[in-house]
Protein chains: 2
Amino acid sequence: MIPSDEFLESKGIRPTAMRLLVFQHLTKSKVATTLSDIENAFAKADRTTLFRTLKTFEQKRVVHQIDDGSGIMKYALCEEGCNCELERDLHLHFHCTNCGKTICLTEQKIPHINLPEGFVAEDANLVLKGICDKCSGQ
Amino acid sequence: MIPSDEFLESKGIRPTAMRLLVFQHLTKSKVATTLSDIENAFAKADRTTLFRTLKTFEQKRVVHQIDDGSGIMKYALCEEGCNCELERDLHLHFHCTNCGKTICLTEQKIPHINLPEGFVAEDANLVLKGICDKCSGQ
DNA sequence: TCAATAAATGCACTTCCATTGCATTGCCCT
DNA sequence: AGGGCAATGCAATGGAAGTGCATTTATTGA
């Protein structure tokens with residue numbers, strides 16, 4: 001496991017204190033995270049800074065944005081297997097309607113779809129909604 | 001083709017003038033429509049009324065809501081083949097990043113996904129993004 | 001028919017989140 | 001040390017969803 005600061009630098013991101021904290025917070029979190037989540041995690045941080053940090057991370061392919069239909073954007077680290085560098089990563093997401101958590105199912109890929117003549121797909125977003133393993137296990 | 005007012009009544013919706021207009025507007029429109037689209041179509045109508053009209057339609061399974069990731073909710077009529085009455089209809093949507101239009105691909109169904117142990121899917125949302133037939137044909 | 005009741009509409013307002021402008025601070029390099 | 005650019009913080013804006021309440025319109029029942 002390489003140090004966070006080296007990792008960020010390798011992605012072309014200057015590893016400031018704030019960015020390292022955000023990165024480590026994302027690393028620890030197993031689920032997709034909202035801006036507010038992060039804001040609450042470090043009360044001292046400004047919302048704008050966090051917002052721009054996430055935008056920077058996104059641009060440099062460190063995180064990807066997830067629109068799970070909850071109305072609030074979420075972010076999750078791109079993992080090893082994540083193909084964000086090449087093209088949009090086509091793994092899918094699971095949104096639990098019970099606990100509200102959104103989970104990256106990096107193992108599951110979005111199947112190929114045969115589109116009608118003339119349509120060219122460049123990106124895909126698949127969100128399944130239901131009950132997650134934790135909530136169904138109760 | 002049964003008249004609009006009879007159709008709405010058959011769905012348990014009182015066919016007011018406003019609702020008939022909105023319904024007919026949706027019928028004419030081949031693509032998913034935003035609240036603002038409709039608002040602009042009838043300048044005299046109030047946003048709230050339209051909002052609630054759409055909510056009513058949604059509840060009565062006349063339209064379905066589409067979150068195509070553009071940040072703005074869109075609505076489209078449920079078609080004959082639409083299974084909204086039983087459960088969520090699992091057809092997919094195509095969002096053109098060129099013209100911004102969102103199209104229901106009612107022919108294409110969302111493939112079944114094998115989820116990890118403990119996950120129970122109740123709903124699915126698949127949005128493909130790219131260039132639509134009209135835009136790619138130019 | 002007319003009053004009583006319920007449903008639909010319109011206006012104003014609130015909330016929530018994403019996003020931007022601008023001034024300030026901090027970091028890096030010479 | 002100082003110049004310059006990147007990062008940060010504060011304030012404000014904007015867009016869309018949603019709510020409360022008063023008013024209008026439609027339905028029902030005497």
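Computed over heavy atoms, backbone and side chain alike; hydrogens, waters and symmetry mates excluded. Protein chains get the first letters and strands the later ones, always in sequence-line order, with residue 1 at the start of each.
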message = Do B/Phe119 and A/Ile131 land in one hydrophobic cluster if side-chain heavy atoms of ILVMFWY residues count as linked below 4.5 Å?
response = no
remark   = Value for OG1 (A/Thr48) from NZ (A/Lys55), rounded to nearest 0.5 Å, stands at 13.0 Å
inquiry  = Nearest whole Å is fine: how far is D/dT8 P from A/Leu35 CG?
reply    = 14 Å
task = Would you kindly give the CD-to-P distance between B/Gln65 and D/dA16, to the nearest whole Å?
result = 14 Å
ask   = Rounded to the Å, how far apart are A/Asp46 CG and D/dT8 C1'?
value = 7 Å
ask   = Rounded to the nearest Å, what distance is computed from the CE atom of residue B/Met18 to the P atom of nucleotide C/dA7?
value = 21 Å
inquiry  = From CD1 of A/Ile72 over to P of D/dA16, roughly how many Å is that when rounded to an integer?
reply    = 17 Å
ask   = Between A/Leu21 (CG) and D/dT8 (C1'), how many Å, whole number?
value = 14 Å
key: Rounded interatomic separation in angstrom, taking CE from A/Met73 and P from D/dG15   = 17 Å
request  = Figure out the NZ/C1' separation between A/Lys44 and C/dT25, and round it to whole Å.
outcome  = 18 Å
ask   = Once each nucleotide of nucleotides 19-26 of chain D is scored for protein heavy atoms under 4.0 Å, what B/S/- sequence comes out, 5' to 3'?
value = BBB----S
ask   = Are the side chain of A/Ser29 and the backbone N or O of A/Leu26 linked by a donor-acceptor pair below 3.5 Å?
value = no
task = Measure the shortest side-chain to side-chain distance between B/Asn114 and B/His112 over non-hydrogen atoms and say whether it is less than 4.5 angstrom.
result = yes
ask   = Would the B/Phe57 and B/Tyr75 ring centres measure less than 6.0 Å apart?
value = no
query = Going by heavy atoms in the side chains, are A/Ser36 and A/Arg47 under 4.5 Å from each other?
reply = yes
query = Under 4.0 angstrom, heavy atoms only, what part of the nucleic acid is A/Lys55 near: base, sugar-phosphate, or nothing?
reply = sugar-phosphate
inquiry  = Measuring to OP1 and OP2 of D/dG18, would you say a side-chain N or O of B/Arg47 lies under 4.0 angstrom away?
reply    = no
